[in-house]
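Just so it is clear, the values below take in all heavy atoms, side chains as well, and ignore hydrogens, waters and symmetry mates.
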Amino acid sequence: QLQLVESGGGLVQAVGSLRLPCAASQRTFSNYVMGWFRQSPGKAREFVAAITPSGDSTYYADSVKGRFTVSRDNHKNTVYLQMNSPKPEDTAVYYCAARLGFPTPTIVKSTTWYNYWGQGTQVTVSS
């Protein structure tokens with residue numbers, strides 16, 4: 001059973017930056033596709049970014065492309081979401097997710113494809 005723990009959330013100004021780590025409990029972490037999603041009050045959980053097991057491919061939502069970067073360190077069993085130039089509309093609870101399988105640009109954006117989820121970390125962006 002893979003366990004995921006996000007951290008690094010908090011209050012950030014729109015001109016700042018924030019990095020969210022998500023630590024995994026197993027050394028087989030390097031076999032998993034990792035995704036980042038977010039959910040704000042009254043809205044459905046939405047895709048933010050994803051990365052393949054080796055890190056050679058990444059995927060982004062249009063709303064964060066050019067501002068956010070997903071990366072991973074398989075030696076540390078950790079995936080990261082670097083948030084640069086955040087906007088107030090980026091305020092949400094951010095979740096990381098994991099799945100063994102073959103990613104496609106469409107399937108990595110689906111919440112139902114992932115079978116492991118973290119508990120989430122709150123990010124609040126002030127203008």
Quiz prompt | F29 side chain reached by M34 side chain, heavy atoms, under 4.5 Å | solution = yes
Quiz item: Judged by atom type as modelled, is there a donor-acceptor pair below 3.5 Å linking the side chain of Q26 to the main-chain atoms of Q1?
Solution: yes
Quiz item: If you round to the nearest 0.5 Å, how far is OH of Y60 from NZ of K65?
Solution: 10.0 Å
Quiz item: Can you hop from F37 to V79 via hydrophobic side chains spaced under 4.5 Å?
Solution: no
Quiz prompt | NE2 on H75 to OG on S30, rounded to 0.5 Å | solution = 9.0 Å
Self-check item: R99 to Y32 six-membered ring, cation-pi geometry met (6.0 Å, 45°)
Solution: no
Quiz item: Considering only heavy atoms from C-beta outward, does the side chain of N31 approach that of P53 to under 4.5 Å?
Solution: no
Quiz item: What closest approach, in Å, do T52 and P103 show between heavy atoms, and which atom pair accounts for it?
Solution: CG2-CG, 3.7 Å
Exercise. Output yes when a side-chain donor or acceptor of T78 lies under 3.5 Å from a complementary backbone atom of A23, and no otherwise.
Key: no
Quiz item: Which heavy atom in A24 sits nearest to a heavy atom in L2, and how many Å separate them?
Solution: CB-CD1, 3.9 Å
Quiz item: With side chains defined as the heavy atoms from C-beta onward, is the minimum distance between V123 and L20 less than 4.5 Å?
Solution: yes
Self-check item: side-chain contact (heavy atoms from CB on, under 4.5 Å) partners for Q82, two or more places apart
Solution: S17, R19, T69, N84
Quiz item: Are W117 and T111 close enough that some pair of their side-chain heavy atoms sits under 4.5 Å apart?
Solution: yes
Quiz item: Sequence neighbours excluded, which residues qualify as side-chain contact (heavy atoms from CB on, under 4.5 Å) partners of R38?
Solution: E46, V48, S63, V64, F68, D90, A92, Y94
Quiz prompt | Spacing of CD belonging to Q122 relative to CD belonging to E6, to within rounding of 0.5 Å | solution = 12.0 Å
Self-check item: Over all atoms of both residues, closest heavy-atom pair of Y114 and A50
Solution: OH-CB, 3.7 Å
Self-check item: Y59 and V70, any side-chain heavy atoms less than 4.5 Å apart
Solution: no
Quiz item: Between V33 and W113, is any pair of side-chain heavy atoms under 4.5 Å apart?
Solution: yes
Self-check item: Distance-minimising heavy-atom pair for A14 and S127
Solution: CB-CA, 4.3 Å
Quiz item: If you measure from CZ on R72 to CG on L81, what distance do you get to the nearest 0.5 Å?
Solution: 13.5 Å
Exercise. Apply the side chain to side chain contact (heavy atoms under 4.5 Å, CB included) test between V125 and each candidate in L18, L11, T91; give the one that qualifies.
Key: T91
Quiz item: Do you know the tightest heavy-atom contact between G120 and V93?
Solution: CA-CG1, 3.8 Å
Exercise. Please tell me if the side chains of V108 and T106 come closer than 4.5 Å, counting only heavy atoms from C-beta onward.
Key: no
Quiz item: Taking the side chain from R45 and the backbone from Q39, do they hold a donor-acceptor pair closer than 3.5 Å?
Solution: no
Practice problem: Calculate, to the nearest 0.5 Å, the distance between atoms SG and CD belonging to C96 and Q119 respectively. | Solution: 7.5 Å
Exercise. Nearest 0.5 Å please: distance from the OG1 atom of T104 over to the NZ atom of K109.
Key: 9.5 Å
Practice problem: Could you please spell out the steps behind the ring pair (Phe, Tyr, Trp, His ring centres under 6.0 Å) verdict for W36 and F47? | Solution: CA-CA 6 Å; W36 282 98; F47 169 76; over 10 Å; no
